[in-house]
2 protein chains.
Amino acid sequence: MELRHIRYFLAVAEERNFTRAAARLGIGQPPLSSQIRDLEAEIGVQLFHRVAHGAELTEAGQGFRDAVAPLPGQFAAAIRVAQRAGRGETGQLGIGLTGTAALNPIVPDAIRSFGRAYPDVELRVEEASSLTLLNNIVEGRLDVAILRPAESDPVELREESLAEEPLVVVLPAAHPAAQDRRPLDLPLLRDDALILTPRSVGTSLHDAALAACRAAGFEPRLGQPAPQIASILSLVAAELGVSLVPASMRQLNVHGVVFRSIRAPTPRIGLAVVYRKTLPPPLATNFARIARNVARDRR
Amino acid sequence: MELRHIRYFLAVAEERNFTRAAARLGIGQPPLSSQIRDLEAEIGVQLFHRVAHGAELTEAGQGFRDAVAPLPGQFAAAIRVAQRAGRGETGQLGIGLTGTAALNPIVPDAIRSFGRAYPDVELRVEEASSLTLLNNIVEGRLDVAILRPAESDPVELREESLAEEPLVVVLPAAHPAAQDRRPLDLPLLRDDALILTPRSVGTSLHDAALAACRAAGFEPRLGQPAPQIASILSLVAAELGVSLVPASMRQLNVHGVVFRSIRAPTPRIGLAVVYRKTLPPPLATNFARIARNVARDRR
DNA sequence: CTTTCTCCATATGTCATAGATATGGCATGG
DNA sequence: CCATGCCATATCTATGACATATGGAGAAAG
């Protein structure tokens, strides 16, 4: 049995007339009769009484009609579902964020915009280190991520830059350089311990901070490693050292720390949206597009 | 799109492998590839990622699978519905009864048996005059009826006799013949008014009663007509006359009336199940069969 | 790095069958 | 009684579903 038989059957059931039903279906009457006869033979039950003035449903035909009437609509609905999913308007989207990326206002903006543009998409947001996120995307556990891009990121991923922001210095409130509000000369920190997350957590910020110090002409002394970005601020507040962080972390109001911008050449760090180059979920590219738009409008 | 495409799609989606899916479907791999390609072209969306080790569902494919997975089962269910209805195991059955037929114990027995044998059939029982019932059956408003058959019943109906029962006389308790318990000689009633329903309500009992009197050698005097069978007893109790009724009406305990059987040759009246000769609903023939069985077992 | 295996796509031929056309039978109605 | 409307049968055509043969590409194995 094929959908064709159902469509033909329903047409005859509605018209109560083979000839008119055939016309409506755009075929001749004999093939329609033949198809209905085949259908009846297959299910072993007569569906129509052929009477002089047309065709009447039998009891079996009525039951059959009730059972199959919704089927053509379900076929059509399935097609629409597939098309919408193909355009990336439905489904699930797993978004990954790193600790510092989540603090950049572009990120909540982008997620909010996406949620409005694709209300039928189920969002799943998780925070993890850059390396975890990149791995998850490569292996398909995650669709897209916003993070700090690094040279070492896998080549099979597409990274689209969203923004660049300056690094700023974080000092304990009691630090001698904490009172000055002017841009700070990095070499002033040459004697302080530099608190960073381990390079295994995120290469980008780690490398950017080290590179900034070296560009300023000194090799920093590394202090205690911080397990996560947010805990850098706690360690600084505890006067265990100083650190360099993206400017957007200024919005974290941690007691006992002071942020100071850095005198030119100001080191900068990027923010990028990342997804698979091959077979990207349509949702992922849609999300990336919206994130780019949000970033552009903010610039 | 045809059901075939759905079956093929679901097989590939499950096997994640065109070759195995084709084997399971009993066709070759190239035609399967071709059918899937046609399906994708029709809905304009790629459903599978063709990768080295097989085929993976795209987002669209996953949505499509969720939407179409139940369809093959629904086709099968529709076939079963039609087959059951074709065997007369489901649907509605309209049963008509005349006033006197309803009193014969065969009738409730038959309805009860049918309800047990076909629990999925929705029963609709109505009581009306023979002529109304016969008309309703001819015109399709009713499927089957149990009534007192008459020669004048439409030939396009099939009547299957269920039983015959004797007529008995109904007398007012004060009637001179009411005391005797032996079978009564009909001519004893030649001076009493005979109370009957109008011939337009039911020819059978009307004619049978008149015929019995004439066979007994007298022309009865007709009393006031009774609108329904049951009201005959009330009119007799009111001493407006006597009547002849089927023996099964004895179970009506109306105060002030006495039943007496009739001396041979005892007039008899039939009980029959009636349904259309042409295009009888399967349920109607099933009901008639059960009614015949019940009647046979009671004999 | 080459070989081999696996799997899907392409190419081509065949056959089943959906459908067209022509016609006949059977009711109903003027 | 003939005209009309409707469905069934008969026959032909052509689309397309499927089989067979082959190619190409990636992964696994040597």
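Each chain gets a letter, A, B and so on, in the order the sequences are listed, and its residues count up from 1.
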Of all the choices, D:dC18, D:dC7, C:dT10, which nucleotide is nearest to the side chain of A:Ala55 once you look at every atom?
-> D:dC7
Nearest-Å distance, CG (A:Leu32) to P (C:dT17)?
-> 18 Å
Find the distance B:Phe18:CZ to C:dA9:C1' and express it as a whole number of Å.
-> 10 Å
Whole-Å distance, B:Leu47 CG to C:dC8 P, equals 15 Å
Select from A:Pro30 and A:His53 the residue whose nearest nucleotide in DNA chain D is closer to the 5' end of that strand.
-> A:His53
Under-4.0 Å side-chain N/O to phosphate OP1/OP2 contact, A:Ser33 with D:dA8 | yes
Lys/Arg N to Asp/Glu carboxylate O, A:Arg276 vs A:Glu156, below 4.0 Å | no
In whole angstroms, the gap separating P of C:dC8 from CD1 of B:Ile36 amounts to 11 Å
Among D:dA17, C:dA9, C:dA18, which is the nearest nucleotide to the side chain of B:Arg50?
-> C:dA9
Would B:Ser130 and B:Arg148 count as having a side-chain donor-acceptor pair, cut-off 3.5 Å?
-> no
Look at the side-chain N and O atoms of B:Arg37 and state whether any lies under 4.0 Å from the OP1 or OP2 oxygen of C:dA9.
-> no
Separation of B:Leu39 atom CG from D:dA17 atom P, in whole Å?
-> 12 Å
Polar side chain donor-acceptor pair, B:Gln62 to B:Thr58, under 3.5 angstrom = no
Indicate, with a heavy-atom threshold strictly under 4.0 Å, whether A:Gln35 touches base, sugar-phosphate, or nothing.
-> sugar-phosphate
Length of the CG-P vector between B:Asp38 and D:dA17, whole Å = 6 Å
Among D:dT9, C:dA20, D:dA8, which nucleotide sits nearest the side chain of A:Ile27?
-> C:dA20
Can A:Glu160 and A:Tyr275 be counted as having a side-chain donor-acceptor contact under 3.5 angstrom?
-> yes
Any ion pair linking B:Arg87 and B:Glu89 (charged N to carboxylate O, less than 4.0 Å)?
-> yes
Among the nucleotides D:dC6, C:dG19, D:dA27, which one has an atom lying closest to any side-chain atom of B:Ala52?
-> D:dA27
To the nearest angstrom, how far is A:Glu15 atom CD from D:dC6 atom P?
-> 11 Å
Looking only at side-chain N and O atoms, does A:Asn17 come under 4.0 Å of OP1 or OP2 in D:dC7?
-> yes
Atom-to-atom span, OH of B:Tyr8 to P of D:dA17 - whole angstrom = 9 Å
Hey, which sits more toward the 5' end of DNA chain C by its nearest nucleotide, B:Pro31 or B:Thr19?
-> B:Thr19
